[in-house]
Amino acid sequence: MSSTAVPSTMPARPHHVPAAGLAVVAAGLVAGLPAALGDVGALAAVLVLQLALVLSWVLATGMQGFAASLAVGTAAAVAADLALVLPERPLLGGLLAVLGVGFLAAVLQQMLRSPRHDLVDSLAGSAVLLTAVAALAALLLLGRPGAGPLVLTGLVAGTALLVGSLTDQVLPRPQLAPGVPRGLTGAVLAVLAGAAVGWAARDVADLGMLRALLVGAVLAGVVALVAVAGSFLAVATTAEGVGDALSPWAPTVVQVVLPFAACAPVALGLLTLL
């Protein structure tokens, strides 16, 4: 994983169009499986996103210790899900133990490998990955006692990503970050689209009109901001040749799943308080 910013020469089509398509798939998983299969569907959807993020993150960032990094990330994802599925009254705080053990395992894994090239970058990548898979597990709490809040979150996040990506495909202006094909117009339209979906699907989560608009706008805003970070990573890894050398799809998967991870605990907090 590298923090070096590289000016983008990436054409817009491979950057935005695949991300828009994957956003539809991710939204379908998060909103569709829980509605159809209940708790089992929610667990399946979350686990698919977690495992996709683990593999794509390790590939896209070029983390050292490939197999061991996959093992630590996968174990953390499974442990986070079990911590919220097995207890009769699960709490988000149960993920703290998973994160603590996971960070320790990641440090040991990186320290024990030889030679220790890019140690600091790989440790930073491990920390972000563990936090993201734990955040995705928070979606499981949204599915209790009913699937409504989880369905609403999936629809809002997917719509925000879709609208933002398609807008930035044609009008990535004014540019939000140097070298990244993301614009303020796309972010604003993503927030508006998220608010509209929140309002339209308010009955699914049993929300009033104003609360639904607020939840939709806030979640879409989080998604839009993290999408910029995901695009920055995709641009940087493509410029360095890491993502393309290992898997051209890995940065795209990160672009889509990382915003879902970021909005999961935010959605849980908002829908718990409101």
Side-chain angles (χ1 to χ4, degrees), residues 19-20 22-35 38-39 41-42 45-46 49 84 90-93 95 131-132 134-168 171 174 176-177 182-231 255-274:
L22 276 178
V24 175
V25 174
L29 285 173
V30 175
L33 286 183
D39 291 343
V46 170
L49 291 183
L84 298 182
L91 297 173
L92 193 62
L95 296 178
T131 303
L136 281 170
L139 291 172
L140 295 172
L141 294 181
L142 283 170
R144 293 192 175 190
L150 182 54
V151 172
L152 177 68
T153 300
L155 291 176
V156 169
T159 302
L161 280 171
L162 176 64
V163 171
S165 295
L166 293 181
T167 302
D168 288 331
L171 186 64
L176 291 174
R182 289 282 183 178
L184 181 61
T185 303
V188 171
L189 291 180
V191 171
L192 294 176
V197 170
W199 177 83
R202 62 190 183 279
D203 292 338
V204 173
D206 195 23
L207 294 175
M209 294 179 57
L210 293 180
R211 291 188 297 170
L213 285 170
L214 175 62
V215 170
V218 171
L219 293 184
V222 172
V223 167
L225 289 175
V226 179
V228 176
S231 289
Q255 281 180 259
V256 173
V257 182
L258 200 60
F260 272 86
C263 78
V266 177
L268 180 61
L270 283 174
L271 293 172
T272 300
L273 292 174
L274 295 178

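The structure presented is a predicted model; accordingly, all values stated were derived computationally and were not measured. Residue indices begin at 1 and follow the sequence shown.
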Using modelled atom types only, decide if a donor and an acceptor are shared between the side chain of D168 and the backbone of G183 within a distance under 3.5 Å.
-> yes
Between P90 and L141, which heavy-atom pair has the shortest distance, and what is it?
-> CG-CD2, 3.7 Å
Which distance, rounded to the nearest 0.5 Å, do you find between the CG of L161 and the CZ of F260?
-> 6.0 Å
Heavy-atom closest pair, residues A193 and V163 = CB-CG2, 3.7 Å
Pair up each side-chain donor or acceptor in residues 201-213 with any protein partner under 3.5 Å, not counting sequence neighbours, and list the distances.
unit_1, atom_1, unit_2, atom_2, d
R202, NH1, W199, O, 2.6

d(L171 CG, L166 CG) to nearest 0.5 Å is 12.5 Å
How about V222 and P259: do any of their side-chain heavy atoms sit closer than 4.5 Å?
-> no
Return the minimal non-hydrogen interatomic distance between T167 and G186, and the atom names on each side.
-> CG2-CA, 3.6 Å
Identify the residue among L142, L136, L49, V25 that makes a side-chain contact (heavy atoms from CB on, under 4.5 Å) with V30.
-> L49
For G230 and Q255, which heavy atoms make the closest approach, and how far apart are they?
-> O-CG, 3.6 Å
Gap separating the CG atom of L268 from the SG atom of C263, nearest 0.5 angstrom = 11.0 Å
Could you list the donor-acceptor pairs under 3.5 angstrom formed between side-chain atoms of residues 148-160 and any protein atom two or more places apart in sequence or on another chain?
unit_1, atom_1, unit_2, atom_2, d
T153, OG1, P149, O, 2.9
T159, OG1, L155, O, 2.7

Distance (rounded to the nearest 0.5 Å) between L84 CG and L95 CG = 4.5 Å
Shortest non-hydrogen contact from A132 toward L258 = CB-CD1, 4.0 Å
Considering non-hydrogen atoms only, spot the tightest contact between P34 and A42 and give its length.
-> CG-CA, 3.7 Å
Evaluate the side-chain proximity of D39 to L140: yes if any heavy-atom separation is below 4.5 Å, no if none is.
-> no
